[in-house]
**Student:** 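Got a structure here, written out as structure tokens. Questions coming.
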Amino acid sequence: MESKKLILGLVAGLLFGIHAMAGEDAPAPMIINIADRSSVSLDGQWKYLVDQYGIGYYNYRLMPQPDKDSFFADKSFDDDRTKLIEYSFDRGGEMRVPGDWNTQYEKLYYYEGKVWYRTKFDAAPSPEKRYFLYFGAVNHTAIVGLNGNKIARHEGGFTPFNVEVTGRLKEKDNSLVVLVDNTRDKDGIPTNNCDWWNYGGITRSVKLVEVPGTFIRDYAVLMDKAVVGKVRKNKPAKHRIYGYVNLDGSAAAGQEVSISVPELKLSVKAVADDNGHAVFESVAAPQLWSPDSPKLYDVEISSAQDKTRDKVGFRIIETAGDKILLNGKEIFLRGISVHEESTTPVGRITSASQNRELLDYAKELGCNFVRLAHYPHNEDIVRQAEEMGLLVWSEIPVYWTISWNNPDTYANARQQLEEMVTRDINRANIIIWSVANETPISPERTRFLAGLISRAREMDSTRLVSAAMEKVAVSKNHYTVDDPLLEYTDLISFNQYTGWYGSKSEQCDNTYWEFPVLKPVFISEFGAGALYGNHGPKTERFTEEYMADCYERNIRMMVERMPGFAGTSPWILKDFRSPRRALNGIQDDYNRKGVLSEDGHRKQAWYVLRDWYMDLKARNNE
Ligand code: GCB
């Protein structure tokens with residue numbers, strides 16, 4: 001019966017392109033605040049084998065092989081040279097985890113495809129505990145095998161997942177094999193066409209996490225914007241503090257959990273329902289989190305067997321007409337867009353100091369906001385930004401032309417959205433969830449995105465939800481945004497490249513804007529390209545002078561002729577790798593729209609932007 005099912009599954013998989021095979025279950029539900037859990041790091045040098053044709057997975061008929069014949073078996077030619085075993089991880093090269101493979105070996109610079117990773121580790125499993133393998137991110141698809149068997153599959157290159165391995169660990173020499181595949185896919189999220197480097201690999205940390213039999217899996221501690229009771233002069237107002245705790249384990253149902261914020265004298269208990277879900281509410285008067293005063297409170301969540309600590313902030317973000325209000329006060333978002341790419345060496349970010357470097361640049365520019373484009377960035381950068389008082393726009397890689405009619409594509413976009421929101425729901429600095437970037441308007445696309453927006457709101461009603469849309473010409477000098485998605489978003493947020501794509505800088509001077517609805521206008525991108533150190537007339541493309549001039553004119557245009565202008569995140573903090581940039585001697589595989597070069601040199605446009613932001617800051621007494 002089982003084998004019949006398997007055969008049917010295989011046939012269905014081949015016919016309908018369903019990828020998951022036996023043993024490739026979805027990961028366990030996400031465990032959050034992983035840094036606070038008891039864990040062992042599995043980071044370091046792993047063994048790797050490049051597998052262009054998928055020979056470690058398929059047989060020569062391109063049928064998936066049983067685990068024992070696949071590379072998940074982790075055999076080696078050297079185990080028994082009388083046998084024909086045509087691989088050996090021990091003979092493979094070493095690959096750093098976390099890290100992208102493209103920048104670790106020159107021969108892998110352009111490589112997209114399958115790479116096998118293997119590490120070995122000892123463990124001391126206790127029968128009372130449960131164990132999970134946690135992956136911060138693997139780009140793009142990961143199939144995880146432990147001690148010879150595939151156990152889970154995850155799709156989505158920028159969000160964490162964990163796989164339960166309770167009862168599967170040995171004391172010595174556990175073999176952890178991960179098949180990583182970053183092949184671009186027309187039906188994927190992102191799809192096969194985008195403007196950033198498709199860095200492959202186990203790009204974020206891996207841990208073995210130990211939790212009690214019934215443990216606190218995830219939770220939210222949020223604040224309602226409505227004020228409770230009377231506000232006393234010079235005292236913070238009282239608000240409803242509410243949220244949930246999800247317990248995971250056989251003893252979850254009916255168990256009591258406690259949530260406390262000692263500094264606020266808040267201590268509340270709740271009881272989990274049959275699904276382990278406990279909701280709570282209380283009242284407190286927190287000092288609100290803001291860029292000027294990024295106040296965070298220690299929170300402790302405890303259950304019969306488990307306890308976890310976190311830091312949370314409380315803030316109110318809302319819109320009123322065409323204004324964005326933070327804690328009831330109008331705020332202008334002085335932002336910058338950022339890719340998760342380091343300066344020296346250039347590659348996927350793998351350390352807290354690389355995160356810090358980018359955020360320090362943003363602070364130096366005078367920003368109070370960063371757009372973490374175009375996918376969920378690592379958790380540490382969000383947390384550091386929170387401590388530094390930087391507001392965040394966080395987005396999923398629904399970018400350009402997605403397969404809007406494919407239900408699997410939608411399911412994956414929704415899964416990535418849920419993973420992003422679940423991981424970061426307690427981060428006060430995130431004020432905008434974005435579900436898409438520059439997607440072409442059609443009824444299918446609007447249905448797809450409206451579905452994601454409504455899911456984001458269902459999971460979290462304390463933030464704004466939006467998408468980076470596009471402008472459209474009403475007449476030669478007159479632009480608007482005419483997108484049915486505006487009905488669903490909180491902002492008129494869109495990218496506009498006046499002066500760069502399709503026009504010259506002067507175009508900014510006589511471009512006029514008007515919008516069909518009264519909502520805050522947020523320019524999620526504008527910009528121009530320049531090679532650092534390339535000088536010439538301001539009419540010559542890719543000179544610093546052109547870029548600086550284009551910035552100046554854009555800023556003037558937005559400030560003077562864009563009604564409801566409430567903030568911007570120019571494109572982009574630093575030059576970043578992109579396969580779409582083929583102009584040798586100038587681009588050399590880099591998108592040159594950074595106000596910094598790829599290694600952190602300031603271009604003239606940096607100073608234009610910084611002067612504007614510093615001036616705004618001074619005028620607001622910030
Ligand atoms: C955009 C995209 C961004 C690109 C940028 C560009 O509109 O959102 O991902 O990198 O333009 O440089 O063309």
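We count ligands from 1, going down the list as the structure has it; atoms in each ligand are counted the same way. Because only heavy atoms are used, hydrogens play no part in the values below, and waters and symmetry mates are left out as well, while side chains stay in. Residue numbers start at 1 and run along the sequence shown.
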**Student:** Tell me whether Arg445 is salt-bridged to Asp483, with the criterion being a basic N under 4.0 Å from an acidic carboxylate O.
**Tutor:**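 Asp483 and Arg445: salt-bridged.
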**Student:** If you measure from each non-hydrogen atom of Arg581 to ligand 1, which part falls under 4.0 Å: side chain, backbone, both or neither?
**Tutor:**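 For Arg581, only side-chain atoms sit under 4.0 Å from ligand 1.
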**Student:** Does Arg541 make a cation-pi contact with Trp500 (under 6.0 Å, within 45 degrees of the axis)?
**Tutor:**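 Checked: cation-pi criterion met.
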**Student:** Any heavy atom of Tyr497 closer to ligand 1 than 4.0 angstrom?
**Tutor:**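 The answer is yes: ligand 1 sits under 4.0 Å from a heavy atom of Tyr497.
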**Student:** For Glu106, is the CD atom crowded, meaning more than 12 foreign heavy atoms sit under 6.0 Å from it?
**Tutor:**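 Counting other residues, nucleotides and ligands, CD of Glu106 stays at 12 neighbours or fewer.
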**Student:** Return the closest protein heavy atom for atom 10 (O) of ligand 1 as residue, atom name and distance.
**Tutor:**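 Sorting protein heavy atoms by distance from atom 10 (O) of ligand 1 puts Asp195 OD2, 2.5 Å first.
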**Student:** Do you see a donor-acceptor pair shorter than 3.5 Å between the side chains of Thr141 and Asp181?
**Tutor:**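 No, Asp181 and Thr141 have no side-chain donor paired with an acceptor closer than 3.5 Å.
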**Student:** For the pair His374 and His339, evaluate side chain to side chain contact (heavy atoms under 4.5 Å, CB included) and give the outcome as yes or no after the intermediate values.
**Tutor:** CA-CA 7 Å; His374 277 303; His339 261 299; 3.9 Å; yes
**Student:** For Phe526 and Met558, work out which heavy atoms get closest and say how close.
**Tutor:**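 Heavy atoms of Phe526 and Met558 come nearest at CE2-CE, 3.4 Å.
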**Student:** Just checking Tyr48 against Tyr105, ring centres under 6.0 Å apart?
**Tutor:**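 Centroid separation for Tyr48 and Tyr105: below 6.0 Å.
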**Student:** Under a 4.0 Å heavy-atom limit, does Tyr501 contact ligand 1 with its side chain, its backbone, both, or neither?
**Tutor:**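 It is the side chain that touches ligand 1; the backbone stays farther off.
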**Student:** Considering only protein heavy atoms, which is closest to atom 8 (O) of ligand 1, and at what distance to one decimal place?
**Tutor:**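 Going by distance alone, atom 8 (O) of ligand 1 is nearest to Glu525 OE2, 2.7 Å.
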**Student:** Using heavy atoms and a threshold below 4.0 Å, how should the contact between Phe576 and ligand 1 be classified: side chain, backbone, both, or neither?
**Tutor:**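 Side chain only.
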**Student:** Measure the distance from atom 7 (O) of ligand 1 to every protein heavy atom, then report the residue, atom name and distance (to 0.1 Å) of the closest one.
**Tutor:**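 Looking at atom 7 (O) of ligand 1, the protein heavy atom closest to it is Glu438 OE2, 2.2 Å.
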**Student:** With a cut-off of 4.0 Å, which atoms of ligand 1 are near a heavy atom of Asn495?
**Tutor:**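 Close to Asn495: 7 (O), 8 (O).
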**Student:** Look at the rings of Phe494 and Phe515 and say which category their plane angle falls in: under 30° parallel, 30 to 60° tilted, over 60° perpendicular.
**Tutor:**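 Phe494 vs Phe515 ring planes: tilted.
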**Student:** Please work out, at 4.0 Å between heavy atoms, whether the side chain, the backbone, both, or neither of Asn591 comes within that distance of ligand 1.
**Tutor:**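 Answer for Asn591: side chain.
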**Student:** Considering only protein heavy atoms, which is closest to atom 12 (O) of ligand 1, and at what distance to one decimal place?
**Tutor:**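 Residue, atom and distance for the closest contact: Lys593 NZ, 2.5 Å.
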**Student:** Can you list the atoms of ligand 1 that are under 4.0 Å from a heavy atom of Asn437?
**Tutor:**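 Under 4.0 Å from Asn437, ligand 1 has these atoms: 2 (C), 8 (O).
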